Amino acid sequence: MYRYDEFDRNFVNERVTEFRGQVARRLSGEMSEEEFRPLRLMNGLYLQLHAYMLRVAIPYGTFSSVQMRKLAHIARTYDRGYGHFTTRQNIQFNWPKLDQVPDLLAELADVEMHAIQTSGNCIRNVTADPYAGAVADEVDDSRIWAEIVRQWSTLHPEFTYLGRKFKIAVSASDFDRAVIRFHDIGLILKKNDAGETGFQVWVGGGLGRTPMIGKVFNEFVPQQDLLSYLEAVLRVYNMYGRRDNKYKARIKILVHETGIDELKAKVEAEWREIRDSALKVPDDEVARIRSYFAPPPFEQLDAIDRSFETKKFENPEFARWVTGNVVAHREPGYRIVNISLKPEGLPPGDITADQMEDLADLAETYSFDEIRATHEQNLVFAHVKQSELFELWQELAEIGLAMPNIGKVSDMIACPGLDYCALANARAIPLAQRISKRYADLDQQFDLGELKLKISGCINACGHHHVGHIGLLGVDRRGEEYYQITLGGSGAEDAAIGSIIGPAFSSETVVDALESVISLFVELRLDKERFLDTYRRVGAAPFKSRLYPEKLDAAA
Amino acid sequence: MPLLKDGKIVNDSWLYLDDSIALPKVGAIVVSLARWQRDRAALMARTDSVGVRLTADQSPEQIKEDLTELALVAIEFPAFTNGRGYSYARLLHRYGFTGEIRAVGNVLRDQYGNMKRCGFNALEVKSGETEAHWQATVSNFSAPYQVAADGAEPIMSLRQQRMAATGG
Ligand code: HEM
Ligand code: SF4
């Protein structure tokens, strides 16, 4: 894991001091709320419906047991005993008091954490593949480059007042576990024919009211040129991006309105000017950062562990959890464990301070002291011995975190919705709870297979509904909560934006409508086809006629 | 309006000339881009200095070839949240412009540090604001992460130097 050196440490401490001054000037009235707003946002502090909310960065999703314990302490001391993992590898606290926030940040700085650029119109916390350093299909550890991007983007003097927020994600695999194609810039580490590493650069993806899949701007930016390329994209965006309408201010709109070729040419021209400059990342700096991500001291283990096989045989519940939540590791005898934060009936992504502490202990015992946060609001232990999976599973079960539903219909993303959010048209969490009750039967969930269901309370799409295999979007129908159903989206390597299937359903009928969609899928699927594949094969028509039979009658 | 320049509040010796007003014979003046493009010959014929004021929609690329004739470029911030001007200053700096780069319009004190880093060397302040006000908001970061226009050594090079000095 990356550890701060004295430069990083000083920097974060100085940032706390700076923010302490800004808060003091706000509290004394010397600064207006309007002036304070962008300053606090740049440090992750939102003003919500009921209180302030602080979003803490977990850069590229990797953190330690010590950091997790600090988050638990913060949840208890400054919040109401829980935290909320978001879709961008951050954790949110919902009830901090403004005058306490500087102390809270100082405590975070003690464990090398911060809230820098977790909101505001700047370069946001950089995210990465949660399986980095553990999975066999990666070209390199994406976190090395995410850390380099983190440092370059931290309080970048030129890019703190962009037209809109700017999100960067890094991956190193053909499998997209970081929603690369829906980021303002998505980076995929590749090797070229000469064996050199570089980045395929996707620009202009995003969700919100105008969802767009990113476009490949450059097939191969050599790794040492990454920062100059990023700086060129950001400079062009900062100068030419729209500022007249905040809904048209993301880079996706600039790409769309300017045209890829013209914008690409502008970026390339700017890049030529700055490519051979101090922005080149020196090899020893890469090596220095790489050394922090060196593989932990894995033991030499056999690929097959008898006791593990026996335990699976003897204990079907354990076997189901293994099938559902555990994936292959590149080291023989190790596994990657997903920990679902979607137990039946609770808000997706929520975690109590007690659970945080227990997980910190478990990570210490079972996974080299390291935890990952995923964009699907779950956690990962990246390096667990196969022979210890059973003990880990038992301990997770004791703290209510052994739900074997990763990637299944109840592993939903749901935004805060009408319960918390002033912009919402409809509730999202209660709907998620109703759906998770309807599909409480795990056998049925396993039978349905991978099914990504995502719910947003309004078109801002915090719940990623556009990229759900099935998406539910809250809309307002004459003051009533209604939900539109979208089908066929995907945030993975087979990226797609879901299409609206027809008129919205009322809150009373939407769960039945969802069930109709799913049961039609079961009738139509071939073999072990996923919902998404069936939908892509048969198209929207059968789903339309199942959901809106009266339209057929009218047409006949 | 007074200016903050090199950490001091000073009076502005430049006159912003409205497009409708005739060119004065003497005195340093700042004109709009349109005026510069229209009256360039007359402006260059004067002995006193001339500067151009760019709005947030006018990239310094448009005056790239003229910079040797100009002693000042003023960059307008229509709102303190509109950060285009930061990139404009970086461009001017890269073009080798050595005159004054001035931030005008809606600017916050807390933005001063970043503006300096991007190449601004003067900015407009509200009357009544003192140097102490501004100094109070200057952040004390011992080293930045990025290279920018102010020549401050970024953390990456400081690390390199340290590694070279300690031999590894
Ligand atoms: C309750 C308070 C919240 C409010 C008022 C809010 C507001 C918004 C708005 C206005 C946007 C659209 C931004 C744009 O397109 O430029 C947005 C996007 C988004 N929000 Fe939220 N949000 C809230 C909570 C959350 C939470 C809790 C999460 C994470 C679980 C989240 C994750 C996202 C994501 C991933 C996007 C999409 C970014 C994209 O377009 O690429 N939001 N939010
Ligand atoms: S999607 Fe809409 S309702 Fe949900 S959190 Fe975002 S802004 Fe609020």
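Values in this document were obtained by computation on a predicted structure and should not be read as measured data. Lettering of chains follows the sequences in order, A, B, ..., and the numbering in each one begins at 1.
- With a 4.5 angstrom heavy-atom cutoff, A:Leu162 touches chain B only via backbone atoms.
- Chain A forms the most heavy-atom pairs under 4.5 Å with one residue out of B:Met115, B:Met156, B:Arg94, and that residue is B:Arg94.
- Heavy atoms closer than 4.5 Å to chain B are found in the side chain of A:Glu18, but not in its backbone.
- For the pair A:Asp284/B:Arg159, no side-chain contact is recorded, criterion being any heavy-atom separation below 4.5 Å from C-beta on.
- Contacts of A:Phe159 with chain B are made by side-chain atoms alone, with heavy-atom separations under 4.5 Å and no backbone atom involved.
- When all heavy atoms are compared, the tightest approach of A:Arg235 to B:Leu91 is CD-CD2, 4.3 Å.
- A:Ser277 does not touch chain B: none of its heavy atoms, backbone or side chain, sits under 4.5 Å away.
- The greatest number of non-hydrogen atom pairs below 4.5 Å with chain B, out of A:Arg25, A:Arg37, A:Glu30, A:Met31, is found for A:Arg25.
- A heavy-atom distance below 4.5 Å is found between the side chains of B:Phe80 and A:Glu34.
- Chain A forms more heavy-atom pairs under 4.5 Å with one residue of B:Asp57, B:Leu158, B:Asp150 than with any other, namely B:Leu158.
- Your options are B:Ala143, B:Ser142, B:Cys118, B:Ala149, and the one with the most heavy-atom pairs under 4.5 Å with chain A is B:Ser142.
- More than 12 heavy-atom neighbours from other residues, nucleotides or ligands sit within 6.0 angstrom of CG on B:Asp19.
- The aromatic rings of A:Phe11 and B:Tyr145 sit tilted relative to each other, their planes meeting at an angle between 30° and 60°.
- Remark: the backbone N or O of B:Gly83 is paired with a side-chain donor or acceptor of A:Asn238 at under 3.5 angstrom.
- Ion pairing of B:Arg162 with A:Asp5 is absent here, as no side-chain N (NZ or NE/NH1/NH2) approaches a carboxylate O to less than 4.0 Å.
- A distance of 9.5 Å separates CD of B:Gln111 from CD of A:Glu35, quoted to the nearest 0.5 Å.
- Salt bridge annotation for A:Glu231-B:Arg90: present, with a cationic side-chain nitrogen under 4.0 angstrom from a carboxylate oxygen.
- Only the side chain of A:Arg288 has a heavy atom closer than 4.5 Å to any heavy atom of chain B.
- Within a 6.0 Å radius of NZ in A:Lys280, other residues, nucleotides and ligands contribute more than 12 heavy atoms.
- Counting heavy-atom pairs under 4.5 Å between each of A:Glu273, A:Glu285, A:Arg243 and chain B puts A:Arg243 at the top.
- With contacts defined as side-chain heavy-atom distances shorter than 4.5 Å, the pair B:Arg117/A:Leu155 does not qualify.
- Here the OG1 atom belonging to A:Thr160 is positioned 11.0 Å from the CG atom belonging to B:Asp110, to the nearest 0.5 angstrom.
- For the pair B:Gln146 (side chain) and A:Thr154 (backbone), a donor-acceptor distance under 3.5 Å is present.
- In this structure, chain B has a heavy atom under 4.5 Å from the side chain of A:Asn10, while its backbone stays farther away.
- With a 4.5 Å cut-off on non-hydrogen atoms, A:Leu234 does not touch chain B at all.
- B:Arg84 places a side-chain N or O within 3.5 Å of a backbone atom of A:Gly241 that can act as its donor or acceptor partner.
- Using a 4.5 Å cut-off between heavy atoms, B:Glu61 contacts chain A through its side chain alone, with no backbone atom that close.
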